[in-house]
Amino acid sequence: MTNRYLVKTAALLVGVSALAYGAMASELTVVPQPPDFPAQTKVQYVDGSAILEYKALPEYHEPSWVTKQFVDQKKLPPVKDRLPKEPMVYKTGNMPDGVGVYGDTLRHVIGGRPEGWNYWAGQNQGWGGIDIGLFECLTRTGPLFQVKADDLQPLPNLAKSWEWSKDGHKLTMKLIEGAKWSDGQDFTSDDVMFYWDDNVLDPNVSPLNGATQETFGAGTTLKAIDKYTIEWTFKDAFPKQFIYNMAYGTFCPGPAHMLKPQHPKYSKNTYEQYKNAFPPSYMNFPVMGAWVPVEYRPDDIIVMRRNPYYWKVDEKGNQLPYLDETHYKLSTWADRDVQAVAGSGDISNLEQPENFVESLKRSAQKDAPARLAFGPRLIGYNIEMNFSANGWGDPDARQQAIRELNRNEHFRRAITMATNRKELGDSLVKGPFVATYAGGILSGSNFYDRQSTLYYPFDLEGAKKELAAAGLKDTDGNGIVNFPAGTAGGKDVEISMLVSNDYTTDKSLGEGVIAQMQKLGIRVVLNAQASKDRDAANFGGKFDWSLHRTQAELASVVQNTPQLAPTGPRTSWFHRANNKNELDLMPFEKELADTINKFVISSDPKEQAELIKQYQKIYTTNVNTVGLVEYPGALIINKRFKNVPNGAPIYMFNWAEDSIIRERLYVPAADQGDYQLFKDMLPGKPGGDGPQK
Ligand code: BQZ
């Protein structure tokens, strides 16, 4: 990407807002063509098989200090005995800068904070790539951004191969054989079954990222055939989409030898004690990931050291990762951008438009320490309205009255028509970045079809008419409409909107929505919470509206597909079943769910594309959410790193921390920084006090 482009873009920031004025009409209109914003780097598309394979190699290598200080001292078995029979081998042809060298550190900065290591019981570790690096999954999808559309299918990972039965109702998966947790214990189907039986299926446990049985299809079952073979059974034939959900977030099994003894089914622990059994201070927690947590300084940093049992190598037999250490500096998301651009951090997903200008200007300078490259428009914000009217989240009278309004199409039309998307976009950043977003599939998605994407352009007078049609009038003349007499005491319509406190963008858009709804005659109050609490409120139905950044399913469609609609009791972000497992779907929601269920069992790409067009039309015509704005993100990464795949988007099938395959990154010896805090050390015993020499 040339500096010239950056300078030109920076100049363009003067004020040419690219948001086209929507027609001032209250009719349903095709969204405007998003302003041309060419992603700055080109992806070299490959076959999935070009990335990796599983095979035994004639010899294996490790950093020389591991041999000298650990193997020769009999503290570790030789590397060939620490690897599976057939380790995963990354192919050199897919490595932009080829086989690497050992050493150096990858310094992340994150805005979250670790709750503990029990990811499977719902604890988060602070996001920003920390969980993506620790907890490996059956399949992998992040790197699929570089795979040709006609060859798209999840990459093997802990599951090295799979085969469908003739009738398509059974899927037999072979696990990698002989891989070990970072403490040397075997990884087997016991780990997989403990995750499925005692975390996904146990109603008292809510795994992080919300995996439930329906994530893999209603009625789906799973069993172990032997130590390294599992078998899925599905109600529908050939539901290939579900293999995507066996990737990051929803099927990344934990170490049963650590977790099972703490689970209430096998101990006297409560579920709360199980969830909190491994606090952030518990070091060397066994993982399948490339690096292991060895040091935790609250509100300061988490340090990780290479996993001596990591089960992946390069074609020369060098055990990965090349980087000996990773840091997760505990700061804010905004600071992540600042540090990456300044060079005190190494990587960031530039996803808050408020930081675009400064980041672009700094990166355009010749001595800039980091590269910055924008990808497609795959980040958007929606107002999600709680559509449940039968008790999800135990609403009080006011909250129930709001839900009834949310289910009223005149009310939803009023809200979307009163939304001035150009004004919201300009409040974030001026220039060619931000575009009108109607909700639904994002314009950077391979499945996007603009003609199927409709919205009601900004029209405040039209909005007020719709509000009246919804039965709302300002009976006390204070500028805010009232509930009808007998509903919620005939009081002002006041709506609590859940937003994340961790992002400037979420709060900026929240303030913008408040101001615009005030003009319509609706009082919106921000309920700003830390993301982890916001997520819990979202999952628990404890909200009227939620201002929510888009997730994988609206970017790639094939990732977390069931979350595109209320296809099951707990799949939608804003309409889940009550505690009697009843889902009170509106007719258009049923159509959305039926369309997605057809997509999941289709194996014809043309039919799938058609189904998503239908989905998009039903979604946007009925204002399933109030889309606000969408924009591209940019990957910022320090220039000293090699093997960064060209054109990696910050978000498509997963975040960039997955897509760039961090275990393959390396720094040429001459360019290595002196950032390691525990040089030549390895993780110690689980629960021990940190790394060991
Ligand atoms: C990326 C990501 C990696 C979660 C999180 C955070 C949580 C949500 C979302 C993003 C952060 C970064 O996003 O913003 O750039 O590094 O971590 O996991 O927003 O609060 O619950 O869905 O991914």
Side-chain angles (χ1 to χ4, degrees), residues 106-115 119 122-135 137 140-142 206-211 247-250 252 289 302 326-340 345-356 359 372 374-375 378-382 384 498-507 509 528-540 543 546-556 559-560 563 573 631-637 648-660 662:
L106 180 61
R107 301 168 298 166
H108 305 76
V109 177
I110 62 177
R113 294 293 182 270
E115 297 175 301
Y119 182 79
Q123 290 193 316
N124 88 78
Q125 293 68 44
W127 306 103
I130 192 167
D131 54 320
I132 294 173
L134 287 170
F135 311 129
C137 315
R140 188 171 188 176
T141 54
S206 310
L208 197 72
N209 291 309
Y248 169 75
T250 35
C252 318
I302 299 173
T326 55
H327 296 170
Y328 290 87
K329 294 199 254 188
L330 304 175
S331 178
T332 67
W333 297 115
D335 186 39
R336 175 173 74 167
D337 299 338
V338 172
Q339 292 212 39
D346 287 325
I347 183 170
S348 182
N349 298 325
L350 182 64
E351 61 195 356
Q352 300 195 74
E354 295 87 346
N355 296 341
F356 281 13
S359 302
L372 180 152
F374 276 98
L378 286 169
I379 300 177
Y381 277 84
N382 283 295
E384 298 170 347
L498 197 54
V499 296
S500 167
N501 218 4
D502 300 346
Y503 297 88
T504 318
T505 307
D506 292 50
K507 288 181 280 190
L509 287 172
Q529 306 218 13
S531 283
K532 65 185 177 66
D533 302 321
R534 185 283 309 272
D535 292 346
N538 252 120
F539 281 126
F543 63 97
S546 174
L547 190 143
H548 207 192
R549 189 173 69 184
T550 48
Q551 304 274 342
E553 61 276 7
L554 292 174
S556 71
Q559 193 66 46
N560 301 341
Q563 288 177 187
W573 285 99
Y631 54 82
L635 179 63
I636 307 176
I637 189 156
I650 66 163
Y651 199 52
M652 188 178 278
F653 300 93
N654 194 9
W655 290 102
E657 292 91 339
D658 183 11
S659 314
I660 63 171
R662 288 175 290 176

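FYI, the numbering just counts along the sequence from 1. Atoms within a ligand are numbered from 1 in the order they appear, just like the ligands themselves. If you're wondering where the values come from, they're calculated on a predicted model, not measured in any experiment.
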Polar-atom distance check: [X] versus ligand 1, any N or O pair below 3.5 Å?
X      : result
Asp131 : no
Trp333 : no
Asn349 : yes
Gly128 : yes

Is it the case that the side chains of [Y] and [X] hold a donor-acceptor pair, with the cut-off being a distance below 3.5 Å and no angle test?
X      : Y      : result
Trp573 : Glu553 : yes
Asn209 : Thr250 : no
Glu354 : Thr504 : no
Ser531 : Asp502 : yes

In a check of side chain to side chain contact (heavy atoms under 4.5 Å, CB included) between Asp346 and each of Leu106, Thr326, Ile637, which one passes?
Leu106
Test Ile347 against every option in Ile636, Val109, Ile660 by the side chain to side chain contact (heavy atoms under 4.5 Å, CB included) rule and name the one that passes.
Ile660
Closest protein heavy atom to [atom], given as residue, atom name and distance to 0.1 Å:
atom                    : value
atom 21 (O) of ligand 1 : Asp535 OD2, 2.6 Å
atom 9 (C) of ligand 1  : Arg549 NH2, 3.8 Å
atom 10 (C) of ligand 1 : Glu351 OE1, 3.5 Å
atom 23 (O) of ligand 1 : Trp655 NE1, 2.9 Å
atom 14 (O) of ligand 1 : Tyr503 OH, 2.5 Å
atom 16 (O) of ligand 1 : Glu657 OE2, 2.6 Å

Start with the C-alpha distance between Trp333 and Asp506, add both sets of side-chain angles, then the distance that settles side-chain contact (heavy atoms from CB on, under 4.5 Å), and finish with yes or no.
CA-CA 12 Å; Trp333 297 115; Asp506 292 50; over 6 Å; no
Rounded to the nearest 0.5 Å, what separates atom CG in Leu509 from atom CG in Leu547?
6.0 Å
Proximity of Gln352 to ligand 1 by residue part, where a heavy atom lies under 4.0 Å:
neither
Name the orientation class of the two ring planes belonging to Tyr119 and Phe135 (parallel below 30°, tilted from 30 to 60°, perpendicular beyond 60°).
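Tilted, since the angle between the ring planes falls between 30° and 60°.
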Contact atoms of ligand 1, heavy-atom distance to Ser531 under 4.0 Å
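In order of number, 20 (O).
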Ligand-side contact atoms (ligand 1) for residue partner Gln551, heavy atom cut-off under 4.0 Å:
22 (O)
Non-hydrogen atom of Tyr651 closer than 4.0 Å to ligand 1
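Tyr651: no contact with ligand 1 (<4.0 Å).
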Looking at ligand 1, does Lys532 have a heavy atom less than 4.0 Å from it?
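It does not; every heavy atom stays at 4.0 Å or beyond.
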Going through the checks in order, is the side-chain contact (heavy atoms from CB on, under 4.5 Å) test met by Lys329 and Asp335?
CA-CA 10 Å; Lys329 294 199 254 188; Asp335 186 39; over 6 Å; no
